[in-house]
Amino acid sequence: MANEASRHVVIVGASLAGLRTAEELRAAGFEGAITLVGKETHLPYDRPPLSKQVLTGARSAADVTLRGQADLDQLDVQLLLGRTATSVDHECVVLDNVDAVPYSDLVVATGVAARGLANQPSSDNVHVLRTLDDSIRLRDHLSRAGSLLVVGAGFIGAEVAAVARQQGLDVTMVEALAAPFARALGTQVGARCRQLHEDHGVRIVTDARVSSFVSSASGATLRLADGTALEADCVLVGVGTTTNQHWLSGVGLAGGSGVPCDTTGRVEGHRNVFAVGDVASWQNKTFGSPHRVEHWTNAVEQAHVLAHNLLDAPPPRSNHEVPYFWSDQYRTKLQLVGRPDLADTADLVELPGRPGRLLGMYFRSSRLVAAVTFNAPAVLARLRPLVATMTNEEAARATAAELVGIAA
Ligand SMILES: Cc1cc2nc3c(=O)[nH]c(=O)nc-3n(C[C@H](O)[C@H](O)[C@H](O)COP(=O)(O)OP(=O)(O)OC[C@H]3O[C@@H](n4cnc5c(N)ncnc54)[C@H](O)[C@@H]3O)c2cc1C
């Protein structure tokens, strides 16, 4: 391995995971060169506000910048914005099919892109939401629209639906599954999310199969397989994502859903290639299978672990194997730790205090694998260590009862 001062770490993806990796490397004392490449022209910015405060106008584009130019200069990182990594081999990353940038270590932090529907029309009235530019375009459209159709009842769609309702739009949410949010949260908690939106006047259509999708001058029309026609001025398609890894074919990593890594971010079979954040699928000792996580805290926690690994420093203490996520919808803060998708049973209890405080616990073979709360952050924080140790059901229920004063 090259001595440290002659090392050149090239990080592709100048967003949360890439920026945090650069910062963690410097914090750990790395004195070699760092280049951070990003295809967007904006300084690295934060995505969670894009479906929340940027849409309401409470935060501007400038407010969501993660670090200003002065901070980036101080970090001593060569920042190449508006440049796309188009290919890579074992020595160089090629930018825009032209410039080859040699690396000693490569960090893949290219995240994901919003997926559209196969028959989605290209129109100013039809949106996806992944970037700051997407958010500004959607915000401007919502400010003059009377109605919104959200295709796909995931978190981003739900947050946009909540903003639009608060701005007085008629909102319909269309979901292919029998219950909205069921995939992420299970049917019981999914039903409470549905209720939250219906209580705020959102119309929810489930079991929906889209048979045609056409735009017009004033909006778009979605026709469902059962003949229902849904029209709106503005449509948001929120049906999931695809990983940005197609440019990695030169190192054999273009296929699959996520770049496969060991438990500390080193890409399997590669000594000097690492992956972090939404694009990375890390082995997970807690839950025993590789997993890719599209959550903010995961990107931050993985960057911390990866930087130590890249520098062959002792592994730091970290919670990164137990995913944490939050979502803000209306006045509800939903928080989640762990892996509800692994559960075989789940239950939900109302918490004392103001209405709408809930705790859901998810068990697999009588072990706690996930917990979700509505408006109860302190309870959730105390449950994360219990999920990390997959505490047995009896002990988990006893702790939860102690925490919230409910019967075990
Ligand atoms: C609207 C929205 C709301 C969200 N809300 C929440 C929330 O409430 N809570 C939560 O926990 N998480 C939330 N998230 C998820 C969170 O923002 C992501 O987990 C986080 O941004 C992941 O960071 P990342 O750096 O891995 O990927 P990204 O932020 O996707 O960054 C990847 C970067 O790589 C760039 N790139 C891609 N390909 C190339 C290439 N070939 N060459 C150069 N650059 C490239 C992209 O342009 C992008 O800037 C939200 C995400 C979105 C989109």
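We count ligands from 1, going down the list as the structure has it; atoms in each ligand are counted the same way. Both backbone and side-chain heavy atoms feed into the values below; hydrogens, waters and symmetry mates do not.
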Counting C-beta onward and ignoring hydrogens, is there a side-chain heavy-atom pair between Glu350 and Arg192 closer than 4.5 Å? yes
Nearest-option assignment for atom 31 (O) of ligand 1, heavy atoms, candidates Gly13, Gly38, Ala85, Ser15: Ser15
Counting heavy atoms only, which of Asp278, Val37, Leu66, Thr243 is nearest atom 18 (C) of ligand 1? Asp278
So, Thr389 side chain and Pro385 main chain: donor-acceptor pair closer than 3.5 Å or not? yes
Which bit of [X] gets closer than 4.0 Å to ligand 1, counting heavy atoms only: side chain, backbone, both or neither?
| X | value |
| --- | --- |
| Trp326 | both |
| Asp46 | neither |
| Asn244 | side chain |
| Lys52 | side chain |
| Leu16 | both |
| Trp296 | both |
| Glu294 | backbone |

Heavy atom of Arg20 under 4.0 Å from ligand 1? no
Check each atom of ligand 1 against the heavy atoms of Ala109 and keep those under 4.0 Å away; list them by number with element. 32 (C), 33 (C), 34 (O)
